[in-house]
A.B. asks: 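Just dropping this structure here.
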Amino acid sequence: MGQQAHLDKETEMTDTEFSRLRISSTDGVAKITIENPPVNVLDVRLMGELRRFLLSVRDDESIRVLVFQSADPEFFIAHVDMTLIDEPHAFDDFVREAPAGLNPFQAFGELLRHQPQVTIVKLAGLARGGGAEFISAADMVFAAEGRAGLAQCEALMGITPGGGATQYLSGRMTRGRALEVILGADVMDATTAERYGWINRALPEAELDGFVDRLARNIAALPAGVVAAAKKAVPMADLREGFRREHDAWAGLFERPAAEKLIRAGLKAGAQTKAGERNLEGLLRGLKV
């Protein structure tokens, strides 16, 4: 957006900066559709485009609600791109731009968490790792029963979450449930995720679009100032110390040989392909390293 006028009624962004996002806006609601085939991995380009978009609308008062969805019915954001293990400097620009005390993945989640607009995720497929962390940083999440799934699968790669999950989950559920998510490392269905507090609601698949569209329109139609006042009044936890602990734990495990071996073996076995990602946990548990 940035250089172009704000999104008006029934407009669609065509900025060439955004090749992995389709963005349209109607009556104060911007819909951001993620399209980074084959499985929407959170690679450098996708993370950069999402970051640029969030910054571009930060001061646009005509946009009051952001709804994130996926063009792929099976995958929302798969996880951080595992091939980046061979590109240690791929995120150098993000490191330089991250606030003090945050790694680039934590900074990405915090950018979303502190967005002035209301942020809503419409989840109809799978979200793991960094994709699940993105969801946890959003204001609201609504998921399709029988279709949606969330997982923090990092433990199966020999690491712990490093993009905010340990802190976001601790604010959404009990410590025992957060540890179950992180160390159990299994896909959680929408109904259970609702019960645990990970998401707002699990809805029948046929009702998901209509519910989210109606809620987003209703929020966007509120009198000026109401959204900002509500977001300011509802307290937001200061997670800085927790982020430091999370980063130290994550980075320390990356220094051990298991993480590199598991990630490389996972890619060789089919991770980041549609077939492999449908049961990534089974694939990773079956590795012989």
Side-chain angles (χ1 to χ4, degrees), residues 36-47 72 74-92 94-95 102-109 125-137 149-170 177-189 193 198 242-289:
N36 190 26
V39 294
N40 287 351
V41 293
L42 188 62
D43 56 18
V44 173
R45 186 67 178 270
L46 178 58
M47 186 166 157
D72 189 323
E74 288 191 89
F75 302 99
F76 177 71
I77 296 176
H79 44 71
V80 173
D81 184 4
M82 294 164 64
T83 68
L84 292 173
I85 195 166
D86 290 320
E87 299 179 49
H89 300 293
F91 283 94
D92 282 358
F94 295 94
V95 171
L102 298 179
N103 69 41
F105 304 107
Q106 293 168 337
F108 179 58
L126 295 171
R128 295 181 171 101
E133 288 173 318
F134 183 89
I135 284 171
S136 296
L150 301 95
Q152 296 297 156
C153 58
E154 292 89 346
L156 301 177
M157 303 178 196
I159 55 175
T160 49
T166 63
Q167 305 307 300
Y168 298 146
L169 292 178
S170 295
R177 286 177 169 176
L179 286 171
E180 177 190 346
V181 169
I182 293 167
L183 297 178
D186 280 323
V187 174
M188 183 173 288
D189 63 78
W198 201 344
F243 281 136
R244 183 192 64 77
R245 294 193 306 270
E246 177 186 76
H247 176 77
D248 288 348
W250 172 72
L253 287 169
F254 254 120
E255 295 174 358
R256 301 186 178 191
E260 181 177 355
K261 289 179 180 178
L262 286 165
I263 291 170
R264 292 189 189 283
L267 287 166
K268 186 176 181 180
Q272 301 195 178
T273 67
K274 278 189 175 290
E277 292 289 333
R278 290 185 182 114
N279 183 20
L280 181 64
E281 290 73 21
L283 181 152
L284 293 172
R285 285 193 169 95
L287 296 177
K288 306 298 182 185
V289 296

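Note that the numbering runs from 1 along the sequence shown for the chain.
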A.B. asks: Can Glu277 and His79 be said to form a side chain to side chain donor-acceptor pair (under 3.5 Å), step by step?
C.D. replies: CA-CA 10 Å; Glu277 292 289 333; His79 44 71; 2.7 Å; yes
A.B. asks: Just how far is it from atom CG of Leu280 to atom CZ of Arg285, taken to the nearest 0.5 Å?
C.D. replies: 10.0 Å
A.B. asks: Check Phe254 against Ala259 and note the closest heavy-atom contact, atom names and distance.
C.D. replies: CD2-CB, 4.1 Å
A.B. asks: Do Thr166 and Ile182 have side chains that approach each other closer than 4.5 Å (heavy atoms only, starting at C-beta)?
C.D. replies: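 Counting from C-beta outward, Thr166 and Ile182 do come under 4.5 Å.
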A.B. asks: Is there a side-chain contact between Val41 and Gln272, using heavy atoms and a 4.5 Å cut-off?
C.D. replies: yes
A.B. asks: Tell me the closest heavy-atom pair linking Gln106 and Leu102, and the distance in Å.
C.D. replies: OE1-CA, 3.5 Å
A.B. asks: Rounded to the nearest 0.5 Å, how far apart are CG of Leu262 and CG of Leu267?
C.D. replies: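 Nearest 0.5 Å value for the CG-CG distance: 11.0 Å.
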A.B. asks: Quick one: pull up CD1 in Ile85 and CD1 in Ile263 and give me the separation to the nearest 0.5 Å.
C.D. replies: 4.0 Å
A.B. asks: Considering non-hydrogen atoms only, spot the tightest contact between Ala265 and Leu287 and give its length.
C.D. replies: O-CD2, 3.7 Å
A.B. asks: One pair to check against side chain to side chain contact (heavy atoms under 4.5 Å, CB included): Leu150 and Arg128. What are the steps and the verdict?
C.D. replies: CA-CA 6 Å; Leu150 301 95; Arg128 295 181 171 101; over 6 Å; no
A.B. asks: Write down the atom of Gly276, the atom of Leu283, and the distance for their closest heavy-atom approach.
C.D. replies: CA-CD1, 3.9 Å
A.B. asks: Kindly compute the distance separating CD (Gln152) from CD1 (Ile159), expressed to the nearest 0.5 Å.
C.D. replies: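 Going from the CD atom of Gln152 to the CD1 atom of Ile159 covers 10.5 Å.
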A.B. asks: With ring centroids as reference points, do Phe105 and Phe94 lie under 6.0 angstrom apart?
C.D. replies: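 When the ring centroids of Phe105 and Phe94 are compared, they turn out to be at least 6.0 Å apart.
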A.B. asks: State, yes or no, whether a side-chain contact exists between Asn103 and Phe91 at a heavy-atom distance under 4.5 Å.
C.D. replies: no
A.B. asks: Over all heavy atoms of both residues, which pair between Gly162 and Trp250 is shortest? Give the atoms and the distance, please.
C.D. replies: CA-CG, 3.6 Å
A.B. asks: So, Glu133 side chain and Gly164 main chain: donor-acceptor pair closer than 3.5 Å or not?
C.D. replies: yes
A.B. asks: Name all pairs fulfilling the salt bridge (charged side-chain N to carboxylate O under 4.0 Å, His left out) condition that reach into residues 252-263, sequence neighbours left out, sorted by first residue then second.
C.D. replies: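 The answer is Glu260-Arg264.
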A.B. asks: How would you list, by chain and number, every residue that makes a side-chain contact (heavy atoms from CB on, under 4.5 Å) with Ala127, sequence neighbours excluded?
C.D. replies: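 For Ala127 the side-chain contact (heavy atoms from CB on, under 4.5 Å) partners, ignoring immediate neighbours, are Phe76, Leu123, Ile135.
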A.B. asks: Between atom CZ of Phe75 and atom CG of Asn40, what is the distance when rounded to the nearest 0.5 Å?
C.D. replies: 9.0 Å
A.B. asks: Should Asp81 and Arg45 count as an ion pair when the cut-off is N to O under 4.0 Å?
C.D. replies: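 Salt bridge between Asp81 and Arg45, a charged N being under 4.0 Å from a carboxylate O: no.
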A.B. asks: For the atom pair CG (Leu156) and CG (Asp186), what is the distance rounded to the nearest 0.5 Å?
C.D. replies: 7.5 Å
A.B. asks: Please find the pair of heavy atoms, one from Ala185 and one from Cys153, that lie closest to each other, and give the distance.
C.D. replies: CB-CA, 4.3 Å
A.B. asks: Apply side chain to side chain contact (heavy atoms under 4.5 Å, CB included) to the pair Glu246 and Thr160, showing each step before the final yes or no.
C.D. replies: CA-CA 8 Å; Glu246 177 186 76; Thr160 49; over 6 Å; no
A.B. asks: Measure the shortest side-chain to side-chain distance between Val181 and Met188 over non-hydrogen atoms and say whether it is less than 4.5 angstrom.
C.D. replies: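 Yes. Closest side-chain heavy atoms under 4.5 Å.
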A.B. asks: Check the pair Thr273, Val39 against side chain to side chain contact (heavy atoms under 4.5 Å, CB included), reporting the backbone distance first and the verdict last.
C.D. replies: CA-CA 7 Å; Thr273 67; Val39 294; over 6 Å; no
A.B. asks: Quick one: does Leu169's side chain get under 4.5 Å of Ser136's, heavy atoms only?
C.D. replies: yes
